[in-house]
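Read through the structure below, which is laid out as structure tokens, and then see the notes.
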Amino acid sequence: MVVRDGSGYLQVVVSKRDVSEAAWNIGQQLTQETSLAVTGLVREDARSPGGVELTATELTVLGPSLDFPITPKEHGTSFLFEHRHLWLRSRKQVALAKIRHHVFQAIHDFFDARGFYHVSTPILTGSIGEEAGNLFATEYFDLGQAYLAQTGQLYVEAAAAALGKVYCFGPTFRAEKSKTRRHLTEFWMVEPEVAFADSSDNMRLQEDFVSYLVARALDRCKEDLKELERDVTPLERVVPPFPRISYTDAVAKVAQLGSDMTWGQDLGGDDETLLAKEYDRPVFVMNYPKEVKAFYMKENPDDPRTVLNNDCLAPEGYGEIIGGSQREDDHDRLLARIRAQRLDPAAYGWYLDLRKYGTFVHSGFGLGVERTVAWIAGVPHIRETIAFPRQIHRLYP
RNA sequence: UGGGGUGUAGCUCAACUGGCAGAGCGCCCGGCUGUUAACCGGGAGGUUGCAGGUUCGAAGCCUGCCGCCCCAGCCA
């Protein structure tokens with residue numbers, strides 16, 4: 001049999017001549033996922049996977065397990081997600097959980113080593129954010145509606161004025177009715193924000209950051225990547241600098257490759273895949289049309305139809321893992337953008353204040369952790385990269 | 001929200017043109033075995049998603065409803 005304690009797997013051999021009759025009988029009755037205590041002798045043995053195994057001398061059942069629903073055969077996704085609390089114990093799910101852990105740890109290590117401060121931004125917010133239609137609403141005492149945060153960015157801009165280099169890292173919520181392999185209604189996003197950094201500085205930080213996360217996974221998750229049968233050669237190519245292409249050039253390029261999109265539209269999922277396939281590492285697409293992007297992005301002085309932003313597209317069809325931009329730091333221009341998008345300036349009073357009292361060039365980005373983990377681990381759907389995914393049709397378990 | 005698909009045993013699926021509802025795995029009983037998703041023999045297990053309709057006869061055809069999956073949009 002194989003036992004598991006989280007640190008790894010160990011093959012255990014129960015041999016009739018080495019155990020009491022009672023222990024032998026227990027061994028005969030053992031079922032899948034029984035919780036047990038085993039005492040014995042560790043031996044090298046070429047026949048064991050891993051080369052080491054344990055000859056049991058004592059065997060105690062701590063918690064029996066009858067009719068464990070997840071058998072070693074095939075199951076469909078609906079069934080597995082209904083039993084997510086038990087599915088977590090499967091080898092591939094354990095490997096994914098470990099990769100996720102190391103990515104989380106690497107995020108904190110990267111920013112700490114570069115002098116960033118971690119700031120906790122609120123999950124309950126007023127109506128401030130990007131698009132009101134995508135917010136989860138709840139009652140908030142006498143103050144009316146509150147919403148679950150869909151970004152910490154605006155808050156982290158305020159913190160950057162205090163601390164220079166900051167990041168927030170937490171769950172974010174989008175009430176989008178999205179049903180694709182790249183979407184969850186609750187996901188984790190890390191959002192750095194840097195004072196006195198422009199759009200170019202921002203992309204340099206992004207390529208260093210993404211490369212660091214990949215390198216960390218390659219270093220610490222060898223066994224887990226192997227368990228998932230992930231071909232790591234594409235990951236080994238992920239080193240700075242990443243190629244940069246303007247939105248305008250990207251449109252021309254995907255048109256050449258057969259897409260029918262035109263200047264002014266956002267890049268669709270197919271367009272992103274088409275473009276990403278042209279490169280052997282993540283690629284930056286810069287300076288999108290103003291109309292398809294958020295109000296807080298700074299206008300591009302060289303081409304006022306566009307803004308100083310960038311997306312970062314992961315290779316192998318994993319799509320957008322980062323959206324970032326230089327922020328509009330001029331009070332009057334920002335106010336004009338807020339009005340142009342028919343947002344309520346009163347709700348953004350504090351955000352406008354940041355431009356009123358010692359404004360400064362600053363930039364930042366948001367990286368979707370589940371998308372990043374899915375790409376690194378090579379799994380087709382991001383819902384497996386989080387222990388209990390929240391999707392439009394799933395709230396259990 | 002739109003397009004496509006799907007729903008049959010605990011699980012994964014089959015069942016020709018509408019003609020006796022089946023297999024593998026799991027489970028139970030027995031055997032064998034340094035195993036790797038072990039193997040061999042036997043057994044139990046069904047309101048074919050729900051409601052109605054057509055028909056001598058419906059898992060299959062028709063109508064309505066429900067669930068799920070994939071893709072698109074939105075985005076990270």
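Proteins get letters first, then strands, A, B, ... in listed order; numbering begins at 1 in each.
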Of B:C68, B:C70, B:A76, the nucleotide closest to the side chain of A:His183 is B:A76

Suppose you measure atom C1' in B:G49 against the same atom in B:A9; what distance do you get, rounded to whole Å? 15 Å

What's the CG-P distance between A:Leu213 and B:A76, to the nearest Å? 18 Å

Report the base-pairing partner of B:G67 (Watson-Crick or G-U wobble, both distances below 3.5 angstrom), or none. B:U6

Under-4.0 Å side-chain N/O to phosphate OP1/OP2 contact, A:His393 with B:C68: yes

If B:U54 has a Watson-Crick or G-U wobble mate with both distances under 3.5 Å, name it; if not, just say none. none

Pairwise 5' ranking along RNA chain B for A:His75 and A:Gln11, keeping only the more 5' one: A:His75

Going by purine N1 to pyrimidine N3 plus the second Watson-Crick contact, or the G-U wobble pair, all under 3.5 Å, which nucleotide sits opposite B:A23? B:U12

pair_partner(B:C39), Watson-Crick or wobble, both distances < 3.5 Å, evaluates to B:G31

Would A:Arg91 and A:Tyr9 count as a cation-pi pair here, with the cationic atom under 6.0 angstrom from the ring centre and within 45° of the axis? yes

The reported gap from CZ in A:Arg390 to CZ in A:Phe187 (rounded to nearest 0.5 angstrom) is 15.5 Å

What I want to check is whether an N or O donor and acceptor connect the side chain of A:Arg371 with the base of B:C75 at under 3.5 Å. yes

Using a strict 4.0 Å threshold on nitrogen-to-oxygen distance, state whether A:Lys277 and A:Glu272 make a salt bridge. no

Heavy-atom nearest nucleotide on RNA chain B for A:Ala46 versus A:Leu66: which residue maps closer to 5'? A:Leu66

Reckon A:His381 touches a base, only the sugar-phosphate, or nothing at all at heavy-atom distances under 4.0 Å? sugar-phosphate

A:Arg114/A:Asp208 ion pair, N-O < 4.0 Å: yes

May I ask you to say what A:Val369 touches in the nucleic acid, namely base, sugar-phosphate or nothing, with a heavy-atom cut-off under 4.0 Å? nothing

Separation between the P atoms of B:C69 and B:G64, rounded to whole Å: 24 Å

Measure from NZ or CZ of A:Arg355 to the centre of the six-membered ring of A:Tyr357, then state whether that distance is under 6.0 Å and the direction lies within 45° of the axis. no

B:U17 pairs with, by Watson-Crick or G-U criteria that keep both distances under 3.5 Å: none

Would you measure the distance from the C1' atom in B:G22 across to the matching atom in B:U8 and give it in whole Å? 10 Å

Distance alone, cut at 3.5 Å: any donor-acceptor contact between the side chains of A:Tyr288 and A:Asp311? yes

Taking atom P in both B:U47 and B:G19, compute the distance separating them and give it to the nearest angstrom. 22 Å

Using a 6.0 Å distance limit plus a 45 degree cone around the ring axis, check whether A:Arg17 lies over the aromatic ring of A:Trp24. no

Among the candidates B:A76, B:A72, B:G34, find the nucleotide nearest to the side-chain atoms of A:Arg174. B:A76

In terms of side-chain heavy atoms of A:Phe187, which of B:A76, B:C75, B:G26 is nearest? B:A76

Which nucleotide, in any strand shown, forms a Watson-Crick or G-U wobble pair with B:G60, with both distances under 3.5 Å? none

With a 4.0 Å cut-off on heavy atoms, is A:Thr180 in touch with a base, just the backbone sugar-phosphate, or nothing at all? base

Would you mind reading off the distance between A:Leu86 atom CG and B:G10 atom C1', rounded to a whole angstrom? 14 Å

Atom pair distance, as rounded to whole Å: CD1 in A:Ile386 and P in B:A76: 17 Å

Give me the ring orientation class for A:His83 and A:Phe79: parallel if the planes are under 30° apart, tilted from 30 to 60°, perpendicular past 60°. tilted

Within the 4.0 Å heavy-atom criterion, would you say A:Arg91 contacts the bases, only the backbone, or no part of the nucleic acid? nothing

Donor + acceptor pair across side chains of A:Tyr296, A:Glu157 (<3.5 Å): no

Within this structure, what is the NZ-to-P distance between A:Lys73 and B:G24, rounded to whole angstrom? 12 Å

Look at all strands and tell whether A:Ile322 reaches a base, only sugar-phosphate, or nothing, counting heavy atoms closer than 4.0 Å. sugar-phosphate

If the C1' atom of B:U48 is compared with that of B:A21, how far apart are they to the nearest Å? 8 Å

What interatomic distance, in whole Å, is found between C1' of B:C61 and the corresponding atom of B:G3? 24 Å

When you measure from the side chain of A:Met189, which nucleotide among B:A76, B:C69, B:U12 comes out closest? B:A76

Would you classify A:Asp45 as touching base, sugar-phosphate or nothing, given that sugar-phosphate means primed atoms plus P, OP1 and OP2, and contacts are heavy atoms under 4.0 Å? base

Any strand is fair game: report the nucleotide pairing with B:G73 by Watson-Crick or G-U wobble, both distances under 3.5 Å, or none. none

Using whole Å, report how far CH2 of A:Trp87 lies from P of B:G10. 22 Å

Atom-pair distance (CG on A:Asn134; P on B:C74), nearest Å: 11 Å

Spell out, as yes or no, whether a donor-acceptor pair under 3.5 Å connects the side chain of A:Arg333 to the backbone of A:Glu328. no

Which whole number of Å gives the distance between the C1' atom of B:G26 and that of B:C71? 34 Å

Spacing of the C1' atoms in B:A37 and B:U54 (rounded, Å): 47 Å

Nearest of B:U12, B:C70, B:A37 to any side-chain atom of A:Phe79? B:U12

Side chain of A:Pro49 - closest among B:U36, B:C70, B:C74: B:U36

Hey, does the side-chain of A:Arg43 have a donor or acceptor N/O within less than 3.5 Å of a partner on the base of B:G34? yes

Separation of atom CZ in A:Phe81 from atom C1' in B:C69, rounded to whole Å: 12 Å

Does B:A76 have OP1 or OP2 sitting under 4.0 Å from an N or O in the side chain of A:Arg182? no

Pairing partner (Watson-Crick or G-U wobble, both distances under 3.5 angstrom) of B:U47: none

Within this structure, what is the CZ-to-C1' distance between A:Arg181 and B:A76, rounded to whole angstrom? 16 Å

Out of B:C70, B:A37, B:C71, minimum distance to the side chain of A:Pro72 belongs to B:A37

Is A:Thr372 touching bases, backbone alone, or none of the nucleic acid, heavy atoms closer than 4.0 Å? nothing

Within the 4.0 Å heavy-atom criterion, would you say A:Gly269 contacts the bases, only the backbone, or no part of the nucleic acid? sugar-phosphate

So, does the side chain of A:Glu53 form a donor-acceptor pair with the base of B:G34 at under 3.5 Å? yes

Is there, by distance only and without an angle test, a donor paired with an acceptor across the side chain of A:Ser178 and the base of B:C75 below 3.5 Å? no

